[in-house]
K.L.:
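Below are the structure tokens for one structure; questions will follow.
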Amino acid sequence: MAFGNSPLHGLLSFFFLFSSSSSSSSVYHVATAITVTTTSIHLDVIRKPAPDVPIFREAPAFRNGDTCNKESIHISMTLDSNYLRGTMAAVLSILQHSTCPENVEFHFLWARFEPQVFLSIRSTFPYLKFKIYRFESNRVRGKISKSIRQALDQPLNYARIYLSDILPLYVKRVIYLDSDIVVVDDIAKLWEVDLQGKVLAAPEYCHANFTEYFTELFWNDVELRRTFDGRKPCYFNTGVMVMDVEKWREGKYTQKVEHWMSVQKRKRIYHLGSLPPFLLVLAGELKSVDHRWNQHGLGGDNLEGKCRSLHPGPISLLHWSGKGKPWLRLDSRRPCSVDHLWAPYDLYRPNTHSLEE
């Protein structure tokens with residue numbers, strides 16, 4: 001198989017070290033238009049894991065529905081070894097509660113080539129439909145301004161802005177999800193939301209103090225605050241979004257978000273990472289979704305990570321946005337009460353000395 005002149009040639013060939021005869025195949029895809037079909041990766045070989053990549057139990061194969069069509073549900077998430085434990089739990093929860101889990105296709109975005117992460121996903125979910133795409137961090141490094149929490153400044157946190165550039169053209173709609181969520185409902189219900197001509201759908205929180213997301217400099221500048229003229233802007237969380245990929249591309253929304261990132265570099269008009277430029281472009285202009293699809297803030301406040309309780313009402317998706325992550329708090333034996341709702345989806349296997357075949 002030819003890889004062209006890509007500098008990734010030697011790295012990508014890593015996957016073929018574990019090839020064997022089998023009937024299954026998987027696809028590895030990167031945004032640089034290099035597509036590698038890895039045929040029959042042999043997964044029952046005992047391999048020494050990378051020291052910074054956790055080991056996971058194999059998830060069961062779910063076949064929940066009797067009458068499933070072949071319409072794919074496309075879900076995009078970022079992929080990072082530091083958050084891999086959360087990603088695994090999120091994927092498990094989605095498959096477990098889907099009526100037709102075989103219809104779900106995952107599109108993972110990563111900033112670094114991490115072969116062990118790929119192998120972890122494949123061995124944990126042998127039947128999972130997924131592709132991995134390279135997000136070029138250099139695309140945003142000069143555009144990122146420091147926020148109140150270092151984790152929010154990582155280039156991969158901005159990858160959601162570039163989904164229309166990265167995903168293949170056959171993906172017309174995508175659900176973007178953060179890695180610190182679990183879904184406790186059929187994801188098809190969120191997938192089927194009527195966007196009513198909007199480019200984005202997400203739960204809105206109009207009771208939140210919208211002004212707090214921007215600095216006094218922003219609100220004191222007459223031209224800047226006119227951005228929201230004619231709109232009724234409300235806070236929404238970018239960790240759960242349904243995107244019309246074609247409309248995003250046609251409307252040049254990436255460039256619109258980048259514009260506000262460039263303004264932020266010249267004048268400090270907001271505090272939090274990649275969220276405020278989304279608000280500046282789309283607050284008051286999106287399709288509102290029921291709050292049950294983003295029970296957010298379970299990680300606590302962004303500075304101290306103090307425990308928070310559930311909001312009243314039905315729940316379809318739990319989101320540990322904020323500083324505290326459930327796997328870290330559980331490991332430290334100082335969990336918040338809501339962390340016990342995440343624990344049943346944790347596939348982490350702490351004993352790395354005894355690997356199953």
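Start at 1 with the first residue, then count along the sequence. As the structure is a computational prediction, the values presented were derived from the model and not from experiment.
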K.L.:
Tell me whether the centres of the aromatic rings in His311 and Tyr205 are closer together than 6.0 Å.
P.N.:
no
K.L.:
Quick one: does any side-chain atom of Asp178 pair with a main-chain N or O of Asp180 as donor and acceptor, under 3.5 Å?
P.N.:
no
K.L.:
side-chain hydrogen bond (donor to acceptor under 3.5 Å, both in side chains) with Ser137: which residues, sequence neighbours excluded?
P.N.:
none
K.L.:
Quick one: does Leu318's side chain get under 4.5 Å of Leu310's, heavy atoms only?
P.N.:
yes
K.L.:
Kindly compute the distance separating CD (Glu71) from CD1 (Ile73), expressed to the nearest 0.5 Å.
P.N.:
7.0 Å
K.L.:
Taking side-chain hydrogen bond (donor to acceptor under 3.5 Å, both in side chains) as the definition, give me every residue that meets it alongside Tyr345, ordered by chain and number, with sequence neighbours left out.
P.N.:
His97
K.L.:
Provide the closest heavy-atom pair for Ser120 versus Thr124 in the form atom of the first, atom of the second, distance.
P.N.:
O-OG1, 2.6 Å
K.L.:
Search all heavy atoms of Ala111 against all heavy atoms of Leu156 and return the closest pair with its distance.
P.N.:
N-CD1, 3.9 Å
K.L.:
If I take atom CG from residue Asp80 and atom OG1 from residue Thr87, how far apart are they, to the nearest 0.5 angstrom?
P.N.:
8.0 Å
K.L.:
Are the aromatic rings of Phe106 and Phe125 close, with centres under 6.0 Å apart?
P.N.:
no
K.L.:
At what distance, to the nearest 0.5 angstrom, does OH of Tyr83 lie from NZ of Lys325?
P.N.:
5.5 Å
K.L.:
Would you say that more than 12 heavy atoms from the other residues, nucleotides or ligands in this model lie under 6.0 Å from the CD of Gln255, or not?
P.N.:
yes
K.L.:
Under 3.5 Å, sequence neighbours excluded: what are the donor-acceptor pairs made by side chains of residues 240-247?
P.N.:
{"unit_1": "Asp244", "atom_1": "OD1", "unit_2": "Glu246", "atom_2": "N", "d": "3.2"}
{"unit_1": "Asp244", "atom_1": "OD1", "unit_2": "Lys247", "atom_2": "N", "d": "3.0"}
{"unit_1": "Glu246", "atom_1": "OE2", "unit_2": "Lys172", "atom_2": "NZ", "d": "3.2"}

K.L.:
Under the side chain to side chain contact (heavy atoms under 4.5 Å, CB included) rule, what do Trp260 and Leu224 come out as? Steps first, then yes or no, please.
P.N.:
CA-CA 10 Å; Trp260 286 111; Leu224 289 175; 3.7 Å; yes
K.L.:
For the pair Arg349 (side chain) and Arg57 (backbone), establish whether a donor and an acceptor sit closer than 3.5 Å, ignoring hydrogens and angles.
P.N.:
no
K.L.:
Atom OG1 of Thr227 and atom CG of Leu280: how far apart are they, to the nearest 0.5 Å?
P.N.:
6.0 Å
K.L.:
Given Gln264 and Lys143, is the side chain to side chain contact (heavy atoms under 4.5 Å, CB included) satisfied, shown in steps?
P.N.:
CA-CA 9 Å; Gln264 168 74 352; Lys143 301 180 178 74; over 6 Å; no
K.L.:
List the atom of Cys336, the atom of Arg329, and the distance in Å for their closest heavy-atom pair.
P.N.:
SG-CZ, 3.4 Å
K.L.:
Look at Arg85 together with Asp331 and state whether they make a salt bridge at an N to O cut-off of under 4.0 Å.
P.N.:
yes
K.L.:
So, the side chain of Arg292 versus the backbone of Pro314: is there a donor-acceptor pair under 3.5 Å, distance only?
P.N.:
no
K.L.:
Determine whether Leu128 and Leu95 make a side-chain contact, defined as any pair of heavy atoms from C-beta on separated by less than 4.5 Å.
P.N.:
yes
K.L.:
Quick check: is Tyr127 connected to Met88 through a chain of hydrophobic side chains (ILVMFWY, heavy atoms under 4.5 Å apart)?
P.N.:
no
K.L.:
side-chain hydrogen bond (donor to acceptor under 3.5 Å, both in side chains) between Glu258 and Tyr158: does it pass, once the steps are laid out?
P.N.:
CA-CA 10 Å; Glu258 284 184 329; Tyr158 290 78; over 6 Å; no
K.L.:
Is it true that Phe130 and Phe118 have ring centroids separated by less than 6.0 Å?
P.N.:
yes
K.L.:
Do Arg160 and Thr78 touch side chain to side chain, with heavy atoms closer than 4.5 Å?
P.N.:
no
K.L.:
Could you check if a side-chain atom of Arg173 sits within less than 4.5 angstrom of a side-chain atom of His74, using non-hydrogen atoms only?
P.N.:
no
K.L.:
Which atom pair, heavy atoms only, marks the closest approach of Glu204 to Gly284?
P.N.:
OE2-N, 4.1 Å
K.L.:
Given Leu330 and His340, is the side chain to side chain contact (heavy atoms under 4.5 Å, CB included) satisfied, shown in steps?
P.N.:
CA-CA 8 Å; Leu330 286 163; His340 296 291; 4.3 Å; yes
K.L.:
Is Trp248 close to Asp165 at the side-chain level, that is, under 4.5 Å between some pair of heavy atoms?
P.N.:
no
K.L.:
Measuring from Arg268:CZ to Thr215:OG1, what's the distance to the nearest 0.5 Å?
P.N.:
8.0 Å
K.L.:
Using the ring of each side chain (for Trp, its six-membered ring), is Phe135 parallel, tilted or perpendicular to Tyr162, with breaks at 30° and 60°?
P.N.:
tilted
K.L.:
Can you measure from CG (Leu279) to CG (Leu286) and round to the nearest 0.5 angstrom?
P.N.:
9.0 Å
K.L.:
Checking ring-ring contact (aromatic ring centres under 6.0 Å, His included) between Phe210 and each of Phe228, Phe236, Tyr235, Phe218, which is the one that passes?
P.N.:
Phe228
K.L.:
Shared ILVMFWY cluster between Tyr170 and Val174, side chains joined below 4.5 angstrom?
P.N.:
yes
K.L.:
Working note: Lys287 + Asp194, criterion salt bridge (Lys or Arg N to Asp or Glu O under 4.0 Å); need CA distance, chi angles, decisive distance, verdict.
P.N.:
CA-CA 8 Å; Lys287 166 63 179 175; Asp194 184 358; over 6 Å; no
K.L.:
Decide yes or no for Leu298 and Trp342: does some side-chain heavy atom of the first lie under 4.5 Å from some side-chain heavy atom of the second?
P.N.:
no
K.L.:
Can a donor-acceptor pair be found between the side chains of Asp339 and Trp320 at a distance below 3.5 Å?
P.N.:
yes
K.L.:
To check you understand the geometry: which heavy-atom pair defines the closest contact between Gln295 and Ile315, and what is its length?
P.N.:
NE2-CG1, 3.5 Å
K.L.:
With a 4.5 Å limit on heavy-atom distance, are the side chains of Tyr253 and Phe278 in contact?
P.N.:
no
K.L.:
Would you say Arg63 has more than 12 foreign heavy atoms packed within less than 6.0 Å of its CZ?
P.N.:
yes
K.L.:
Count the heavy atoms of every other residue, nucleotide or ligand shown that sit under 6.0 Å from NZ of Lys265, and state whether that count exceeds 12.
P.N.:
yes
K.L.:
Where do Ser179 and Met77 come nearest, in terms of heavy atoms and distance?
P.N.:
CA-CE, 3.8 Å
K.L.:
Determine, stepwise, if the pair Lys129 / Glu102 fulfils salt bridge (Lys or Arg N to Asp or Glu O under 4.0 Å).
P.N.:
CA-CA 8 Å; Lys129 296 179 183 177; Glu102 60 270 32; over 6 Å; no
K.L.:
Taking the side chain as C-beta and beyond, is there a heavy-atom pair between Ser321 and Asn237 under 4.5 Å?
P.N.:
yes
K.L.:
In sequence, state the C-alpha distance, the side-chain angles, and the governing distance for Leu109 and Ser76, and then conclude on side chain to side chain contact (heavy atoms under 4.5 Å, CB included).
P.N.:
CA-CA 7 Å; Leu109 314 177; Ser76 183; 3.9 Å; yes
K.L.:
I'd like to know if the side chain of Glu58 reaches the main chain of Pro126, judged simply by a donor and an acceptor atom lying under 3.5 Å from each other, with no hydrogens or angles considered.
P.N.:
no
